[in-house]
Asker: 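Before anything else, here's the structure in question.
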Amino acid sequence: MGGEQMERALFDYCLRLGDNCLVLGHRVSEWCGHAPVLEEDIALANVALDLIGQTRMWLDLAGTLEGQGRDADKLAYLRDANAFRNLLLVEQPNGDFAQTLVRQLFFDLWHDLVLEALQRSKDARVAEIAEKASKEVTYHLVRSRDLSIRLGDGSEESRRRMQAAVDELWIFTGEMLTPDALDKDLAAAGIGADLEKIAPLWDERIDRILEDATLTRPEAGWMREGGKAGRHSEQLGFILAEMQFLQRAYPGAAW
């Protein structure tokens with residue numbers, strides 16, 4: 001892969017990382033003022049802010065690589081749904097608190113492993129962002145893991161809701177762990193995370209968490225995918241309609 005091709009590939013890869021954080025950050029922010037207890041309201045708002053901060057780092061790097069004058073704001077607010085490259089998991093509705101928590105657990109565990117690998121990237125810019133983001137994501141994972149265990153191994157009602165969330169969202173986990181051509185190319189170049197190495201680690205750790213939470217891992221089956229290639233559920237359209245409204249209605253508006 002030549003230098004120009006590598007820059008394009010890395011641009012696409014940074015979009016994936018940034019879009020994951022952007023879309024999930026928006027989803028989590030929807031709990032602000034609506035969480036079941038005040039402590040969780042504050043915690044979820046902080047997680048959302050962390051993710052939006054990480055979005056800016058990844059999308060700013062993507063804009064630099066592209067070289068067409070698009071910064072993080074333009075990439076976030078002036079792209080249509082089919083230009084987003086986030087995982088399908090992160091755009092799924094909040095549902096009840098159990099569904100939000102399980103979605104966060106699945107993503108946090110994957111995110112933590114990916115950022116750990118990216119800190120060893122041969123691209124110094126990628127490694128630097130990964131190192132900064134990993135400090136926040138380590139906290140995200142500790143929180144989502146501990147809460148999942150507490151609720152899974154809690155009351156009959158909390159366990160029922162957690163198991164239902166695991167069963168509903170499991171179908172989206174395959175996309176996180178299955179590398180496509182872009183993942184393989186950047187992993188081979190020593191720049192991206194090697195999902196073939198991350199997948200068994202994710203499996204091992206999620207099994208341990210589910211066991212501690214007295215939850216049952218769903219049986220293997222067909223997995224939904226397409227987000228990394230721009231094929232999204234209708235949910236992303238709803239998110240963008242809200243998130244991009246001001247910029248679309250008043251182009252170039254500034255405070």
Side-chain angles (χ1 to χ4, degrees), residues 12-13 15-31 44 47-48 51 54-55 58 81-115 137 140-141 143-145 147-148 151-152 160-183 192-193 195-196 198-210 213 215-240 243:
D12 290 336
Y13 193 71
L15 281 188
R16 292 183 180 186
L17 294 165
D19 288 349
N20 283 333
C21 296
L22 175 63
V23 174
L24 184 57
H26 183 83
R27 269 291 186 230
V28 174
S29 76
E30 293 173 347
W31 277 104
L44 288 167
V47 169
L51 290 169
Q54 293 167 29
T55 298
W58 289 120
N82 60 5
F84 276 73
R85 296 293 181 262
N86 58 278
L87 298 165
L88 293 176
L89 174 69
V90 300
E91 66 194 47
Q92 299 311 302
N94 287 331
D96 62 13
F97 186 71
Q99 187 169 339
T100 290
L101 180 58
V102 170
R103 182 188 62 200
Q104 196 70 39
L105 173 66
F106 288 167
F107 180 77
D108 287 345
L109 182 52
W110 174 87
H111 202 193
D112 187 60
L113 290 166
V114 167
L115 291 176
V137 172
H140 296 174
L141 177 57
R143 178 184 165 276
S144 60
R145 179 184 61 211
L147 272 175
S148 294
L151 292 178
R160 181 189 69 78
R161 287 177 179 267
M162 289 293 289
Q163 186 64 60
V166 169
D167 293 342
E168 182 173 347
L169 294 172
W170 191 260
I171 198 171
F172 298 103
T173 59
E175 184 181 30
M176 297 191 302
L177 304 169
T178 304
D180 62 6
L182 177 61
D183 292 315
L195 294 182
E196 292 180 343
I198 285 173
L201 295 175
W202 190 92
D203 278 332
E204 176 188 346
R205 295 179 190 183
I206 199 65
D207 283 346
R208 193 181 314 141
I209 294 170
L210 293 177
L215 298 171
T216 302
R217 176 181 174 132
E219 294 184 5
W222 176 76
M223 292 286 181
R224 289 194 60 183
E225 58 183 21
K228 293 194 289 188
R231 300 189 305 274
H232 296 280
S233 68
E234 64 180 359
Q235 298 300 328
L236 182 62
F238 298 145
I239 292 171
L240 296 183
M243 187 177 72

Asker: Taking 4.0 angstrom as the limit, do D180 and R16 come out as a salt bridge?
Answerer: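 Salt bridge flag = yes for R16 with D180.
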Asker: Are C21 and H111 packed together at the side-chain level, in the sense that at least one heavy-atom pair is separated by less than 4.5 angstrom?
Answerer: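 Side-chain contact under 4.5 Å: yes.
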Asker: Search all heavy atoms of L88 against all heavy atoms of G226 and return the closest pair with its distance.
Answerer: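 Looking at all heavy atoms of both residues, the closest pair is CD1-N, 4.2 Å.
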Asker: Could you tell me if the side chain of V28 sits less than 4.5 Å from the side chain of L24, heavy atoms only?
Answerer: yes
Asker: Taking only residues two or more places apart in sequence or in another chain, which ones pass side-chain hydrogen bond (donor to acceptor under 3.5 Å, both in side chains) with E30?
Answerer: R27, N94
Asker: Taking the side chain as every heavy atom from C-beta outward, state whether T100 and R103 have any pair of such atoms under 4.5 Å apart.
Answerer: yes
Asker: Nearest 0.5 Å, please: how far is CG in D108 from CG in L51?
Answerer: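 Answer rounded to 0.5 Å: 8.0 Å.
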Asker: Heavy-atom distance under 4.5 Å between the side chains of D12 and R85, does that happen here?
Answerer: no
Asker: Let me confirm one number: the CG-CZ distance from D96 to R161, rounded to the nearest 0.5 Å.
Answerer: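 Between D96 CG and R161 CZ, I get 5.0 Å after rounding to 0.5 Å.
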Asker: Does F107 reach the side chain of N20, with side-chain heavy atoms less than 4.5 Å apart?
Answerer: yes
Asker: Give the ring-plane orientation class for F106 versus W170, where under 30° counts as parallel, over 60° as perpendicular and anything between as tilted.
Answerer: perpendicular
Asker: Are side-chain heavy atoms of I206 and L105 found at a separation under 4.5 Å?
Answerer: yes
Asker: I'd like to know whether Q104 forms a side-chain contact (heavy atoms from CB on, under 4.5 Å) with L147, so could you lay out the CA-CA distance, the side-chain angles of the two residues, the decisive distance to 0.1 Å, and finally the verdict.
Answerer: CA-CA 11 Å; Q104 196 70 39; L147 272 175; over 6 Å; no
Asker: Okay, side chain of Q163, backbone of T216: is any donor-acceptor separation there less than 3.5 Å?
Answerer: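 Looks like yes, one N/O pair under 3.5 Å.
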Asker: What pair of heavy atoms forms the shortest contact from G25 to A48, and how long is it?
Answerer: O-CB, 3.5 Å
Asker: Do you know which two heavy atoms are closest between L169 and V102, and how far apart they sit?
Answerer: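 Of all heavy-atom pairs spanning L169 and V102, the closest is CD1-CG1, 4.1 Å.
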Asker: Test of understanding: with side-chain hydrogen bond (donor to acceptor under 3.5 Å, both in side chains), list the residues that count as partners of R208, not counting sequence neighbours.
Answerer: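 R208 satisfies side-chain hydrogen bond (donor to acceptor under 3.5 Å, both in side chains) with E204 once adjacent residues are dropped.
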Asker: Can a donor-acceptor pair be found, under 3.5 Å and without considering hydrogens, that links the side chain of Q99 to the backbone of P93?
Answerer: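 Flag set: sc Q99 to bb P93 pair under 3.5 Å.
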Asker: Hey, could you give me the CD/OG1 distance between E225 and T173, rounded to the nearest 0.5 Å?
Answerer: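 Here the rounded value is 11.5 Å.
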Asker: Testing the basics here: between P218 and V166, what is the closest heavy-atom pair and its distance to 0.1 Å?
Answerer: CD-CG1, 3.7 Å
Asker: Quick one: does any side-chain atom of W31 pair with a main-chain N or O of L44 as donor and acceptor, under 3.5 Å?
Answerer: no
Asker: Say you draw a straight line from CD1 of I239 to CD of Q92; how long is it, rounded to the nearest 0.5 Å?
Answerer: 8.5 Å
Asker: Could you tell me which residues satisfy side-chain hydrogen bond (donor to acceptor under 3.5 Å, both in side chains) with E91, sequence neighbours excluded, listed by chain and number?
Answerer: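 Applying side-chain hydrogen bond (donor to acceptor under 3.5 Å, both in side chains) to E91 gives N86, H232, S233.
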Asker: For the backbone of I198 and the side chain of W110, can you confirm whether one donor and one acceptor N or O come within less than 3.5 Å of each other?
Answerer: no
Asker: Look at atom CD of Q235 and say whether more than 12 heavy atoms of other residues, nucleotides or ligands are closer to it than 6.0 Å.
Answerer: yes
Asker: Is the side chain of E175 donor-acceptor paired with the backbone N or O of G227 at a distance under 3.5 Å, no angle test?
Answerer: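 Present.
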Asker: Please report the closest heavy-atom contact between M223 and F172, naming both atoms and the distance.
Answerer: SD-N, 4.4 Å
Asker: Report the C-alpha distance between L113 and R205 in whole Å, list the side-chain angles of each, state the deciding distance to 0.1 Å, and finish with yes or no for side-chain contact (heavy atoms from CB on, under 4.5 Å).
Answerer: CA-CA 10 Å; L113 290 166; R205 295 179 190 183; 3.1 Å; yes
Asker: Where do E196 and P179 come nearest, in terms of heavy atoms and distance?
Answerer: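 Heavy atoms only, the tightest pair is CG-CG, 3.7 Å.
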Asker: Kindly indicate whether the side chain of F84, heavy atoms from C-beta on, has any atom under 4.5 Å from the side chain of L15.
Answerer: no
Asker: Supply the atom-to-atom distance L109 CG to D203 CG, rounded to the nearest 0.5 angstrom.
Answerer: 9.5 Å
Asker: If we only count heavy atoms from C-beta on, is the D19 to W58 side-chain gap below 4.5 Å?
Answerer: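 The answer is no; the side chains never approach within 4.5 Å.
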Asker: Can you tell me how far apart OG (S29) and NE2 (H26) are? Round to the nearest 0.5 Å.
Answerer: 5.0 Å
